[in-house]
Visitor: 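Before anything else, here's the structure in question.
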Amino acid sequence: MSFPLLTATAALPAVGAIATAAVPAARRTAAKWLALLVSLATLALAATVLVRFDPDGSRYQLTESRAWIAEFGVRYELGVDGIGVALIALTALLMPFIILAGWHDADPLETKSSRWRPTQGFFALILAVEAMVIISFAATDVFLFYIFFEAMLIPMYFLIGGFGDRAHSGSDEKASAQRSYAAVKFLLYNLVGGLIMLAAVIGLYVVAGNFSLQEIAEARANGSLDMATNTERWLFLGFFFAFAVKAPLWPLHTWLPNAMGESTAPVAVLITAVVDKVGTFAMLRFCLGLFPEASKWATPVILVLALISIIYGALLAVGQRDIKRLVAYASISHFGFIILGIFAMTSQGQSGATLYMVNHGISTAALMLVAGFLISRRGSRLIADYGGVQKVAPVLAGTFLIGGLATLSLPGLAPFVSEFLVLVGAFARYPVVGIIATIGIVLAALYTLVLYQRTMTGPVKPEVSAMPDLRVRELVVVAPLIALLIGLGVYPKPLTELVNPAVKHTMSDVQQKDPKPDLEAAK
């Protein structure tokens, strides 16, 4: 039997989480270093997965299959396509930076509401989320995917509710209440979506007789499984609702600004750059793969919701006074672009959506982590409390600017390629949708540049006059992310070659071909 590489990649952070939690309370620094080393070792395993994956090979590679709950046809089945490999690599890549950025976020506090912060628990929960996300990207058994799709809510709930942002303008009691509200709202929204999905998972088993993604796809291809139209549509809606909550898609998005606003900056990155990607990934793998006809049936409505997300999220970002909530609403807009690319049903759109998942993860991590460093220095999340930062902390301001320019998809930075492909793919099949979506680009430039102007330029405010520039640890976090944004912006070919074959398989699942250009109309 070959080495179970995918299992090892997910199991290592899970074991690391247990080991980190078991470190004695007085050995906080040891717990931090252990978590960091585990994340680096997981990154090495993820890099091995990436190297061993052959984009021109079979659809699912590095497969593992073992009996689990035989009475119900549940198997422990793992396998990755190009999209799954790219997102596993993104997850493993971001984790060391998240841990380094949050190095002091769970240090003990001496306040009226909290006399201690369990450092070991903070880093153990981060590693637990990493393990569950990696399994979710690799699972090819629907029930296995569902378990970890839901299980990751538990550590995320405690990360949001138990380790909130210290830069809160109100009292300790008010801050604690708002963290609790954000954590409960996150949990309730996602639990409702998960419960609806569970009903659809059970319905799928009743119809198909098993949970294997590959077996169900083969049965549909050879005609041995023929779902009734209404049955397929109801099952699709059950799956899609859960994924739309996680994504998050308007109008199911309202938990995200609260969760990101009340979390520490590294946990906010974990939410939007890692965990939320499971929702959009699952739309590609499960919605389109299992229910192709229902996916095409629902496409017009989903495209409208995606457009609303793009414009609504961007408009609310323009009006924000809180830095972290601005990034949260910008992310809602970006997820609208991702979902637009997925349901444009073109190879350019779906390739762009997959690239967008990766590039958005990197760009949001860069912007939010630098924003976190900024907020920790001033002790405020309010934009109005800043001004003239570039004169006292030029490196911090410069990295903040690059992260912001990546957010607005400036040519030469990685997100530009993604957004361009999504718009091209959407315009090829739905020209009006593509035109309306471009409004989001204009609004992105507005909220990003206004944010930079109000915080970094102008007269130096007395409260920021002594602000230190980025320290060595912070530079180690930010510099690789900036390098990746530039590198993938200038040369995205390795990533496109990785995901394009998987996109072709997805297009085949839904029996769609790219529309041919109308040359006569062009004349």
Visitor: Nearest 0.5 Å please: distance from the OG1 atom of T9 over to the CG atom of L50.
Guide: 11.0 Å

Visitor: Apply the test ring pair (Phe, Tyr, Trp, His ring centres under 6.0 Å) to residues F243 and F149: give CA-CA distance (whole Å), side-chain angles for both, the deciding distance (0.1 Å), then the verdict.
Guide: CA-CA 10 Å; F243 303 152; F149 178 82; 5.6 Å; yes

Visitor: Sequence neighbours left out, cut at 3.5 Å: what donor-acceptor pairs do the side chains of residues 273-280 make with other protein atoms?
Guide:
{"residue": "K277", "atom": "NZ", "partner": "T272", "partner atom": "O", "Å": "2.8"}
{"residue": "K277", "atom": "NZ", "partner": "H360", "partner atom": "ND1", "Å": "2.9"}
{"residue": "T280", "atom": "OG1", "partner": "K277", "partner atom": "O", "Å": "3.2"}

Visitor: Please tell me if the side chains of M456 and L374 come closer than 4.5 Å, counting only heavy atoms from C-beta onward.
Guide: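 Yes. Closest side-chain heavy atoms under 4.5 Å.
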
Visitor: Applying salt bridge (Lys or Arg N to Asp or Glu O under 4.0 Å), can you list everything that pairs with E497, at least two apart in sequence or on another chain?
Guide: K493

Visitor: Output yes when a side-chain donor or acceptor of R321 lies under 3.5 Å from a complementary backbone atom of A384, and no otherwise.
Guide: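 Answer holds: no.
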
Visitor: Who are the ring-ring contact (aromatic ring centres under 6.0 Å, His included) partners of F343, not counting sequence neighbours?
Guide: F240

Visitor: Closest heavy-atom contact between V422 and G349?
Guide: CG2-O, 4.0 Å

Visitor: Applying side chain to side chain contact (heavy atoms under 4.5 Å, CB included), run through L78 and I135 and close with a yes or a no.
Guide: CA-CA 8 Å; L78 303 180; I135 283 284; 4.3 Å; yes

Visitor: With a 3.5 Å distance limit and no angle check, can you tell me whether Y329 reaches the backbone of V318 through a side-chain donor-acceptor pair?
Guide: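 Not at all, since once roles are kept as given, no pair shorter than 3.5 Å links the two residues.
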
Visitor: With a 4.5 Å cut-off on side-chain heavy atoms, are L446 and V442 touching?
Guide: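 Counting from C-beta outward, V442 and L446 never come under 4.5 Å.
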
Visitor: Please check this pair: side chain of T399 against backbone of L396, looking for a donor-acceptor N/O pair closer than 3.5 Å.
Guide: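 Indeed, once roles are kept as given, a pair shorter than 3.5 Å links the two residues.
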
Visitor: Taking side chain to side chain contact (heavy atoms under 4.5 Å, CB included) as the test, write out the residues that go with I435, two or more places apart.
Guide: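 For I435, the residues satisfying side chain to side chain contact (heavy atoms under 4.5 Å, CB included) (neighbours in sequence not counted) are F427.
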
Visitor: So, T20 side chain and A17 main chain: donor-acceptor pair closer than 3.5 Å or not?
Guide: no

Visitor: What closest approach, in Å, do A242 and G194 show between heavy atoms, and which atom pair accounts for it?
Guide: CB-N, 4.3 Å

Visitor: Atom CD1 in I88, atom CG in L45: separation rounded to 0.5 Å?
Guide: 11.0 Å

Visitor: Is the shortest heavy-atom distance from the side chain of V269 to the side chain of F97 under 4.5 Å?
Guide: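 Heavy-atom side-chain distance check fails, nothing below 4.5 Å.
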
Visitor: Does the side chain of Y447 come within less than 4.5 Å of T407's, by heavy atoms?
Guide: yes

Visitor: Would you say the side-chain atoms of W250 pair up with the backbone N or O of I311, donor to acceptor, closer than 3.5 Å?
Guide: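 Checking the backbone N and O of I311 against the side chain of W250, no donor-acceptor pair under 3.5 Å is found.
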
Visitor: Can you tell me how far CG of L159 sits from CZ of F186, rounded to the nearest 0.5 angstrom?
Guide: 9.0 Å

Visitor: Is it true that a side-chain atom of R378 and a backbone atom of M467 form a donor plus acceptor pair closer than 3.5 Å?
Guide: no

Visitor: Could I get the full list of side chain to side chain contact (heavy atoms under 4.5 Å, CB included) partners for I486, not counting sequence neighbours?
Guide: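 Partners of I486 under the side chain to side chain contact (heavy atoms under 4.5 Å, CB included) test: L413, I482, V490.
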
Visitor: Evaluate the side-chain proximity of P415 to I362: yes if any heavy-atom separation is below 4.5 Å, no if none is.
Guide: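 A side-chain contact is absent here, since even the closest heavy-atom pair is not under 4.5 Å.
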
Visitor: With T254, which residues qualify under side-chain hydrogen bond (donor to acceptor under 3.5 Å, both in side chains), at least two apart?
Guide: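 T254 satisfies side-chain hydrogen bond (donor to acceptor under 3.5 Å, both in side chains) with Y189 once adjacent residues are dropped.
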
Visitor: Is there a donor-acceptor contact under 3.5 Å from the side chain of E130 to the main chain of I126?
Guide: no

Visitor: Quick one, M357 with L284, criterion side chain to side chain contact (heavy atoms under 4.5 Å, CB included). Give me CA distance, side-chain angles, the key distance, then yes/no.
Guide: CA-CA 12 Å; M357 289 187 234; L284 276 168; 3.7 Å; yes

Visitor: Does the side chain of M368 come within less than 4.5 Å of I375's, by heavy atoms?
Guide: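 No. Closest side-chain heavy atoms not under 4.5 Å.
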
Visitor: Out of curiosity, L94 CG to I99 CD1, how far, rounded to the nearest 0.5 Å?
Guide: 11.0 Å

Visitor: Do the side chain of K461 and the main chain of G387 share a donor and acceptor less than 3.5 angstrom apart?
Guide: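 No, the answer is negative, given that no donor and acceptor are paired below the 3.5 Å cut-off.
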
Visitor: Which residues pass the side chain to side chain contact (heavy atoms under 4.5 Å, CB included) test with N500, sequence neighbours left out?
Guide: S351, T496

Visitor: Of all the heavy-atom pairs spanning F53 and G82, show the shortest one and how long it is.
Guide: CZ-N, 3.3 Å

Visitor: Any side-chain to backbone donor/acceptor pair from T48 onto A44? Under 3.5 Å, distance only.
Guide: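 It does hold such a pair.
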
Visitor: Test side chain to side chain contact (heavy atoms under 4.5 Å, CB included) on I342 and I302 and set out the steps.
Guide: CA-CA 10 Å; I342 291 171; I302 295 172; over 6 Å; no

Visitor: Under the side-chain hydrogen bond (donor to acceptor under 3.5 Å, both in side chains) test, which residues partner Y452, sequence neighbours left out?
Guide: Q390

Visitor: Residues in side-chain hydrogen bond (donor to acceptor under 3.5 Å, both in side chains) with R377, at least two apart?
Guide: E474

Visitor: Would you name the heavy atoms of I332 and P248 that are closest together and state the gap between them?
Guide: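 Heavy-atom minimum between the residues: CG1-CG, 4.3 Å.
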
Visitor: With sequence neighbours left out, write down each residue that passes side chain to side chain contact (heavy atoms under 4.5 Å, CB included) with Y157, or none if nothing qualifies.
Guide: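 Listed in chain order: A183, V184, L187.
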
Visitor: Can you check whether Y312 and H253 have ring centres sitting under 6.0 Å from each other?
Guide: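 Between Y312 and H253, the centre distance is under 6.0 Å.
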
Visitor: Can you name the closest pair of heavy atoms from A101 and P266 and give their distance?
Guide: C-CG, 3.8 Å

Visitor: Might you point out which heavy atoms bring S465 and V460 nearest each other, and give the distance in Å?
Guide: CA-CG1, 3.8 Å

Visitor: Under 4.0 Å between a Lys/Arg side-chain N and an Asp/Glu carboxylate O for R381 and E262?
Guide: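 Yes, this pair counts.
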
Visitor: So, using side-chain hydrogen bond (donor to acceptor under 3.5 Å, both in side chains) as the criterion, who are the partners of Q348 when residues are at least two apart?
Guide: none

Visitor: Determine the interplanar angle of the F281 and F137 rings, folded into 0 to 90°, and report it as parallel if under 30°, tilted if 30 to 60°, perpendicular if over 60°.
Guide: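 Plane angle over 60°, so perpendicular.
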
Visitor: With sequence neighbours excluded, give me every salt bridge (Lys or Arg N to Asp or Glu O under 4.0 Å) pair touching residues 388-413.
Guide: none

Visitor: Output the distance between atom OG1 (T455) and atom CG (D385), rounded to the nearest 0.5 Å.
Guide: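 T455 atom OG1 to D385 atom CG measures 11.5 Å (nearest 0.5 Å).
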
Visitor: Do the side chains of T91 and M95 get nearer than 4.5 Å, heavy atoms only?
Guide: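 Result yes, sub-4.5 Å side-chain heavy-atom pair found.
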
Visitor: Can I441 and L423 be said to form a side chain to side chain contact (heavy atoms under 4.5 Å, CB included), step by step?
Guide: CA-CA 10 Å; I441 301 175; L423 291 173; 3.3 Å; yes

Visitor: Quick check: are there more than 12 heavy atoms from other residues, nucleotides or ligands sitting under 6.0 Å from CZ of R473?
Guide: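 Enclosed.
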
Visitor: So, taking the atom named CG in L270 and the one named CD1 in I98, what distance separates them when rounded to the nearest 0.5 Å?
Guide: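 CD1 of I98 is found 5.0 Å from CG of L270.
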
